[in-house]
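Have a look at the structure below, then the notes.
Just so it is clear, the values below take in all heavy atoms, side chains as well, and ignore hydrogens, waters and symmetry mates. Numbers restart at 1 for each chain; the letters A, B, ... are given by sequence-line order, proteins then strands.
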There are 2 protein chains.
Amino acid sequence: MARRTKQEADETREALLDAAEQVFLERGVARASLDEVARVAGCTRGAVHWHFRDKLGLFLALDERLLLLQDELKRRLLCNGTTNSPLRHMADAITGAMVDLEENPRRRRLLTIMLQRCEYVAEMAPALQRRREADQQVRAKLREQFQRAAEMGEMSEAWSPERAALFLHALIGGFLYEWLRGEAEFTLSGEVNNAVRGFLSCAVAKPGAATFY
Amino acid sequence: MARRTKQEADETREALLDAAEQVFLERGVARASLDEVARVAGCTRGAVHWHFRDKLGLFLALDERLLLLQDELKRRLLCNGTTNSPLRHMADAITGAMVDLEENPRRRRLLTIMLQRCEYVAEMAPALQRRREADQQVRAKLREQFQRAAEMGEMSEAWSPERAALFLHALIGGFLYEWLRGEAEFTLSGEVNNAVRGFLSCAVAKPGAATFY
DNA sequence: CTTTATATACATACGCGAAGGTATCTTTAC
DNA sequence: GTAAAGATACCTTCGCGTATGTATATAAAG
């Protein structure tokens, strides 16, 4: 085939990404063949190599779609103005992100690929690196919020901002893995919402807190 | 080569499993070649096919090593006799399992393979199935313990045994993922111990608990 | 106690398809 | 006219499955 208009080329690119999303999900990244991706997208491998160079390039381009999602969570976690309580603000942001995941099947597929259809070995190092950085940034945002809450006297001294952020991050991650694996044996936003509020109500400063152990 | 004595054959089998552990970890399950596994074990592909039929068989045999580990956690979670508090008992069992993971690099490698070096696609269904069952059993044990605690009046009514088990399971899983990915940026047993006790001290029945939101 | 028979525990060789990289060709937009 | 946007063809590598070879452990038979 011949040269397409720029818009058509962009459409081809998007079609390839959509196809990769589907094929990677079904076959796993390592077992997926570029030829199948191309066929699903309605073109040939020539187009794949033109737009993404090789399989890793294609994968990284897909990954960027997910990074956009994570950026959104980070945006939500930014304390906009002086809202009443940073803790409540965090809970709302997290719940919102979970609702997004539930409502947007494409995001769920992307997350599934990155967490369960991909082997993070040496050649995938750039992807792993990006993922770790994104995670660290989210944790940093959480810590900031806890820091603010602590300064407002809303946190129990039992929980340092650092530990609270680590706890919350692990908690959310754990729920995400369970949810992705179990094919919706529970509603993500519901349980995460409940869990996060439960944790926050516990970490919040209260005078008569019984100490366990 | 010729027929070996039964003991020698078992040694070969173990050597192959050890080699698979190493190669799967480095290359990922999908990209690993049976030939490399055999070479690392000091034999040829003939031995691999003899002992495990194919790659999936080899993988499942490796997986069984990890299942033995999970069985150990389940054993620990069994309430032995009438120990004082089921909650404390759970915390001890979990902490013990985490210490095991830290001290036993082989277990860590196995868990890394199963969680980060393996793409769970259709052909891996038997492996995925086994993993889900093992997880469910652990959750069931947790729920039983929470049930017992509730009957002894040790649980806040805000936490049903079901939800508490889901929460705790997700929490531990989240920490495990973070730990495996981050190359020990925190000590697993320390943080999990802290987190679990923190959660339990929160879920425990106490009269003057402030309700958040 | 031999001898024989058979299953065992691999090694070697062959065949083959699948998959990725690269080079070249073809149009067409700009 | 030139470079973009792909299609097509070719080549090579890799890795799996299978088939077959082979020497020995082992147990039964004599």
- Task: Report the residue (B:K6 or B:G46) whose heavy-atom-nearest nucleotide on DNA chain D is the more 5′ of the two.
- Result: B:G46
- Message: Which residues in residues 10-29 of chain A have a heavy atom closer than 4.0 Å to any atom of DNA chain D?
- Response: A:T12
- Task: Mind calculating the distance between CD (A:Q7) and P (D:dA5) to the nearest angstrom?
- Result: 13 Å
- Task: Indicate whether OP1 or OP2 belonging to C:dC30 is found under 4.0 Å from a side-chain N or O atom of A:T5.
- Result: yes
- Message: Using whole Å, what does the distance between atom P of nucleotide C:dT27 and atom CD of A:E8 come to?
- Response: 17 Å
Please report, to 0.1 Å, the donor-acceptor pairs under 3.5 Å made by any side chain of residues 160-173 of chain A, with sequence neighbours excluded.
from   : atom 1 : to     : atom 2 : distance (Å)
A:S160 : OG     : A:R163 : N      : 3.1
A:E162 : OE1    : A:R143 : NH1    : 3.2
A:R163 : NE     : B:E191 : OE1    : 3.2
A:R163 : NE     : B:E191 : OE2    : 3.4
A:R163 : NH2    : B:E191 : OE2    : 3.3
A:H169 : ND1    : B:E178 : OE2    : 2.7

- Query: To the nearest 0.5 Å, how far apart are CZ in B:R131 and CG in B:L66?
  - Reply: 4.5 Å
- Minimum-distance nucleotide (side-chain atoms of A:A47 versus C:dC30, C:dC10, D:dA7): D:dA7
- Counting only N and O atoms by type, is there a donor-acceptor contact under 3.5 Å from the side chain of A:E119 to the main-chain atoms of B:A30? yes
- Task: Using distance alone, with no hydrogens and no angle criterion, decide if B:E133 and B:Q137 have a side-chain donor and acceptor under 3.5 Å apart.
- Result: no
- Query: CD of B:E123 to CG of B:L128: how many Å apart, nearest 0.5 Å?
  - Reply: 12.5 Å
- Please walk me through it: do B:Q22 and B:R109 pass side-chain contact (heavy atoms from CB on, under 4.5 Å)? CA-CA 8 Å; B:Q22 179 186 329; B:R109 285 197 298 267; over 6 Å; no
- Tell me, for nucleotides 11-16 of chain D in 5' to 3' order, what letter each nucleotide earns: B for a base near a protein heavy atom under 4.0 Å, S for only sugar-phosphate near one, - for neither? ----SB
- Message: Within 45 degrees of the ring normal and closer than 6.0 Å to the centroid, is that where the cationic atom of A:R13 sits relative to A:W50?
- Response: no
- For the pair made of CZ in A:F59 and P in C:dG20, what is the distance, rounded to whole Å? 15 Å
- With no hydrogens and no angle check, do the side chains of A:R108 and A:N104 hold a donor and an acceptor under 3.5 Å apart? no
- Query: D:dG6, C:dC30, C:dC10: which one has an atom nearest the side-chain heavy atoms of B:W50?
  - Reply: C:dC10
- Is it true that a side-chain atom of B:Q145 and a backbone atom of B:L77 form a donor plus acceptor pair closer than 3.5 Å? yes
- Using whole Å, report how far NE2 of A:H51 lies from P of D:dA4. 13 Å
- Of the nucleotides C:dA9, D:dT8, C:dC30, which has the atom closest to the A:T44 side chain? D:dT8
- Item | Between C:dG20 (P) and A:L58 (CG): distance, integer Å | 10 Å
